Undergrad: 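A single structure is presented below for examination.
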Protein chains: 2
Amino acid sequence: MNNKKQPSLPRQSSFGWLIAVLGNDLATSLDSHLKGIGLSLNLWPTLFALWEEDGLTQSELTERCNTAHYTTTRLLDTLEKMALVERRPHPTSRRAHLVFLTEQGKALEQKATQLAKDCNAEFLSALPASEQDELNKLLLKVIAGRNSDLISK
Amino acid sequence: MNNKKQPSLPRQSSFGWLIAVLGNDLATSLDSHLKGIGLSLNLWPTLFALWEEDGLTQSELTERCNTAHYTTTRLLDTLEKMALVERRPHPTSRRAHLVFLTEQGKALEQKATQLAKDCNAEFLSALPASEQDELNKLLLKVIAGRNSDLISK
DNA sequence: TATTGTTATACTCTATAACTATA
DNA sequence: TATAGTTATAGAGTATAACAATA
């Protein structure tokens, strides 16, 4: 009665499908790990970017996190309430702020990134070290190629 | 004034970060391609599964698509309104339905999967064919390892 | 007139749980 | 009592656009 056939594009051989399944699985996993230290996945990109460099304006942060400007506003409100971040006046512009991590926000980096590393390691554990490196390298190459595409347009 | 430093986990070397960036980018791209044929990304997993095999119950479909049962109900309502899918009575159970593609739904497969293939190819174009294969193989291995992890727990 | 950031509002998505009808 | 499926409803997340302050 039902119709099982050779599909013209099997899901398991579709790059996009594999990335989507994996991304979803990784996000769920990291989110539940982050709950353990009072964080959640939606705060993650912002914190991650600030651990790399703080003292940014909201616009710079928005760009690095690939979020919308109004999202950044609200994420920072949340992070300020949690005392992980503070907005300080911009030295030369009175309409811009600079966003800094508080001591508490800085102190969280070790614990939080360790969670992310564990999470990554867990997912990659099916691969030997050499293949893990290879996979990261290939992914970076795809992303880099994608960005240069955008520039050339 | 601002603080740029060596982070304990640079984003570009984090597997999860790479997958998330790529997944987001792929999803946006495929979604905009799908709009061109009247579809959208949220309908995609269901259709994709049905092109592989139709005549499934909603429960089976829910499982294969990794969605919630109430989501499946509404997606199928939408797909029925679009005349791509139909619910037929189950031969032995009066509470279950079997979900079938209509002729129109079947006819869409070629065009739709071609879009997905193009989209995948565009993203993978930075890699030579041998590396594309390698990448798919590694991703499959990670996903397979992940699933066997779940089983062993 | 453009930019930085905030807010109001509407819309979509998702989650919880109650419900019907079966089995 | 459990299962298949639907629906109501609440909450979160996202998008549009209007707004104030500043450049």
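Quantities reported herein were computed from a predicted structural model and do not represent experimental measurements.
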Undergrad: Of the candidate nucleotides dT6(C), dT6(D), dA23(C), which contains the atom at the shortest distance from the side chain of Arg94(B)?
TA: dA23(C)
Undergrad: Is any side-chain heavy atom of Arg64(A) closer than 4.5 Å to a side-chain heavy atom of Glu53(A)?
TA: yes
Undergrad: Could you check if a side-chain atom of Leu75(A) sits within less than 4.5 angstrom of a side-chain atom of Leu43(A), using non-hydrogen atoms only?
TA: yes
Undergrad: Establish, with yes or no, whether the OP1 or OP2 oxygen of dA23(C) is under 4.0 angstrom from a side-chain nitrogen or oxygen of Ser93(B).
TA: yes
Undergrad: Starting from C1' on dG13(D), measure out to CG on Leu41(A) and report it in whole angstrom.
TA: 13 Å
Undergrad: Would you kindly give the CG-to-C1' distance between Leu61(B) and dA4(D), to the nearest whole Å?
TA: 13 Å
Undergrad: For the pair made of CD in Glu60(A) and P in dT3(C), what is the distance, rounded to whole Å?
TA: 15 Å
Undergrad: Can you tell me how far P of dA4(D) sits from CG of Leu76(B), to the nearest Å?
TA: 15 Å
Undergrad: Once you round to the nearest 0.5 Å, how far does CG of Leu47(B) lie from CG of Asp54(B)?
TA: 11.0 Å
Undergrad: Answer with yes or no whether the side chains of Thr62(A) and Thr67(A) bring together a donor and an acceptor at under 3.5 Å.
TA: no
Undergrad: Just how far, in rounded Å, is P of dT6(D) from CG of Leu75(B)?
TA: 12 Å
Undergrad: Is Gln58(B) near enough to dT6(D) that one of its side-chain N or O atoms lies under 4.0 angstrom from OP1 or OP2?
TA: yes
Undergrad: Where the side chain of Arg87(B) is concerned, which of dT6(D), dG5(D), dG13(D) is the nearest nucleotide?
TA: dT6(D)
Undergrad: Which whole-number value in Å describes the distance from Asn66(B) CG to dT14(C) P?
TA: 13 Å
Undergrad: Could you encode protein contacts along nucleotides 7-12 of chain C as a string, one character per nucleotide from 5' to 3', using B for base contact, S for sugar-phosphate-only contact and - for no contact, with a heavy-atom cut-off of under 4.0 Å?
TA: BBB---
Undergrad: Using heavy-atom distances to pick each residue's nearest nucleotide on DNA chain D, tell me which of Thr71(A) and Ser59(B) is more 5'.
TA: Ser59(B)
Undergrad: Does the side chain of Ser13(B) come within less than 4.5 Å of Asn136(A)'s, by heavy atoms?
TA: no
Undergrad: With heavy atoms under 4.0 Å as the rule, sort His97(A) into base, sugar-phosphate or nothing.
TA: sugar-phosphate
Undergrad: Between Ser14(A) and Asn120(B), do the side chains contain an N or O donor and an N or O acceptor separated by less than 3.5 Å?
TA: yes
Undergrad: Taking C-beta and beyond as the side chain, do Pro7(B) and Thr113(A) meet within less than 4.5 Å on heavy atoms?
TA: no
Undergrad: Can you find a donor-acceptor N/O pair under 3.5 angstrom joining the side chain of Arg95(A) to the base of dT22(D)?
TA: yes
